[in-house]
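Below is one structure, written out as structure tokens; comments come after it.
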Amino acid sequence: MSGDLHSGDGDDRTSVAHAGPEHADAPEFAREMWKTRLGFVLAAVGSAVGLGNMWRFSYLTAENGGAAFVMLYVLMTAVVGIPVMLAEFTLGRGTRRSSIGALRKAGGRRWAPLGYVFVTAGILILSFYSVIAGWVTRYALAGIFTGFPADTGAYFDQISSGTPAMGFHLFFMAVTIAIVMGGVEKGIERASFIMMPALFLIIAGLAVWAATLAGSGEGYSFYLAPSFDELTNPRTLAAATSQAFFSLSLGMGAMLTFSSYLSRQESLPREAGLISFSDFGVAFVSGLVVFPVIFALGLQGAVGESTVGALFISLPGAFNAMGAIGRLVGILFFVALFIGAVTSAISLLEVVVSALIDEWRIPRKTAAVGAGAFIATLGLWPAADINALGALDAVTNYIFLPVGGLALAIFVGWLYKNSLDEVSRGVGEGFRPWLKGWLWLLRIVVPVLLVAVLFSGMGATRDALSTLFGG
Ligand code: PHE
């Protein structure tokens with residue numbers, strides 16, 4: 001293996017990494033970098049916080065018994081999420097390459113295909129993520145211009161597939177492409193700086209408002225009082241692990257790519273902790289909005305029924321029933337969701353764009369437009385057919401991400417010689433012994449749990465594929 005990186009290749013923003021002769025296939029050039037540490041953190045939190053925190057988190061919580069799921073989710077964020085995020089950071093910052101180049105540089109040619117798997121996952125996820133984000137855009141605009149419809153079920157059927165869904169999907173992709181074209185600092189960092197604080201404020205404000213609703217108590221108790229038998233249910237464990245993965249944007253090189261633009265002075269464990277905590281915080285506080293609203297209006301029956309039930313049917317229905325204040329709250333809610341979706345989508349596109357830049361020297365603007373147009377075209381399929389959306393969701397969540405995470409954990413845990421060195425940079429003496437524990441989590445615990453996700457997801461993936469192709 002050729003994982004011998006040079007430790008001293010400088011921290012200044014214009015520095016050029018020096019590759020040894022064994023990397024002659026990857027000529028060096030000046031790469032972009034984050035302007036500030038906070039910019040990196042906000043962009044990574046932006047990637048993490050998205051539809052996963054509000055859409056997937058609420059329906060998985062409803063489906064898996066409420067608070068017990070939340071507890072397992074916290075545990076899996078700590079035991080699987082943070083270790084894999086650190087593995088991605090170690091590779092990204094250690095090599096200063098996006099996924100394909102990072103794996104080739106760190107692991108030799110045999111590992112480069114994993115980078116292609118990551119890029120493929122990014123393309124597939126964005127193709128359907130953008131369709132859901134298109135629905136979100138539609139709801140936000142409906143709230144602003146006409147108010148939320150009374151019959152949200154019928155409304156959702158109408159807008160969720162076909163021409164209306166395609167139009168909003170294409171609009172959302174155009175926004176994503178425009179930001180990524182701007183570059184790491186002027187596009188992604190700047191957008192995250194403006195959008196993320198706005199999102200935090202909106203969600204926190206809505207949670208305070210939800211506390212004033214009559215009947216919110218039942219929502220809180222469903223959400224916060226655990227039913228302990230769910231804790232030992234292996235399906236709940238697998239669901240919590242896969243949710244931690246999706247929500248933290250892991251297993252497909254997004255965090256790897258973002259960290260490749262990060263300076264060597266920053267402590268990776270500190271950033272991983274901060275990002276994971278913020279991501280959990282937003283999911284948790286979103287639950288403090290969603291559940292009280294739904295229970296206060298007696299809509300809990302519909303939530304766990306379908307993956308789209310809570311967010312696109314029950315909640316807007318509740319906003320409609322609440323009159324003027326409901327309309328205002330609903331608009332804010334969907335605007336926050338839109339922000340979350342945009343900042344996640346840019347990280348998905350950046351995985352592809354960054355690889356095109358690093359590997360083939362394609363100029364950023366061309367890469368962003370080209371990759372974006374390709375993904376937008378692919379996304380017309382899930383926009384036309386909601387079963388295709390379900391199948392893409394299942395295949396990426398239950399196969400691509402766990403397989404990607406498993407391979408990463410094995411590579412960084414067992415094979416990559418630089419992992420401990422790289423992860424210790426900028427870390428205080430007192431904390432260093434803990435990093436050995438990180439390595440063992442990656443080596444043993446993470447693989448076991450991800451294999452569990454693969455097994456438990458097989459049924460759901462088969463169902464989703466047979467609905468698409470067979471039914
Ligand atoms: N983490 C994002 C969310 O919660 C989704 C995502 C997955 C983004 C993978 C990038 C990579 O919505």
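In what follows, residues are counted from 1 in the order of the sequence shown. One-based numbering, in listed order, for ligands and for the atoms of each.
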Exercise. By number and element, which atoms of ligand 1 are closer than 4.0 Å to a non-hydrogen atom of L51?
Worked result: 12 (O)
Problem set entry | Distance filter under 4.0 Å to A48 heavy atoms, resulting ligand 1 atoms | 1 (N), 2 (C), 3 (C), 4 (O)
Exercise. Which protein heavy atom lies closest to atom 6 (C) of ligand 1, and at what distance to 0.1 Å?
Worked result: S249 OG, 3.7 Å
Exercise. Which of these, L392, T120, I125, sits in a side-chain contact (heavy atoms from CB on, under 4.5 Å) with F400?
Worked result: T120
Exercise. For the residue pair F57 and F246, is the inter-centroid distance of their aromatic rings smaller than 6.0 Å?
Worked result: no
Exercise. For atom 7 (C) of ligand 1, what's the nearest protein heavy atom and its distance?
Worked result: F246 O, 3.5 Å
For this session: Check the pair S286 / N53 against side chain to side chain donor-acceptor pair (under 3.5 Å), numbers first and verdict last.
Result: CA-CA 7 Å; S286 307; N53 300 59; over 6 Å; no
Exercise. In terms of residue, atom name and distance, what is the protein heavy atom nearest to atom 2 (C) of ligand 1?
Worked result: S47 O, 3.3 Å
Exercise. Based purely on interatomic distance, does L250 place a nitrogen or oxygen under 3.5 Å from a nitrogen or oxygen of ligand 1?
Worked result: no
For this session: Report the nearest protein non-hydrogen atom to atom 12 (O) of ligand 1: residue, atom name, distance rounded to 0.1 Å.
Result: Y129 OH, 2.5 Å
Problem set entry | Pairing of R93 and E271 as salt bridge, 4.0 angstrom limit | no
Exercise. If we only count N/O pairs under 3.5 Å, is V49 in contact with ligand 1?
Worked result: no
Exercise. Does any N or O atom in S347 lie less than 3.5 angstrom from one in ligand 1, N or O only?
Worked result: no
For this session: Check whether any side-chain heavy atom of L378 lies under 4.5 Å from a side-chain heavy atom of L124, and answer yes or no.
Result: yes
Exercise. Which word best sums up how the rings of F295 and F291 line up, parallel for under 30°, tilted for 30 to 60°, or perpendicular for over 60°?
Worked result: tilted
Exercise. How about F333 and Y139: are their ring centres within less than 6.0 Å of each other?
Worked result: no
Problem set entry | Test: R56 and E63 ion pair at under 4.0 Å | no
For this session: Using distance alone, decide if ligand 1 has a nitrogen or oxygen within less than 3.5 Å of any nitrogen or oxygen in M252.
Result: no
Exercise. By number and element, which atoms of ligand 1 are closer than 4.0 Å to a non-hydrogen atom of S247?
Worked result: 1 (N), 4 (O)
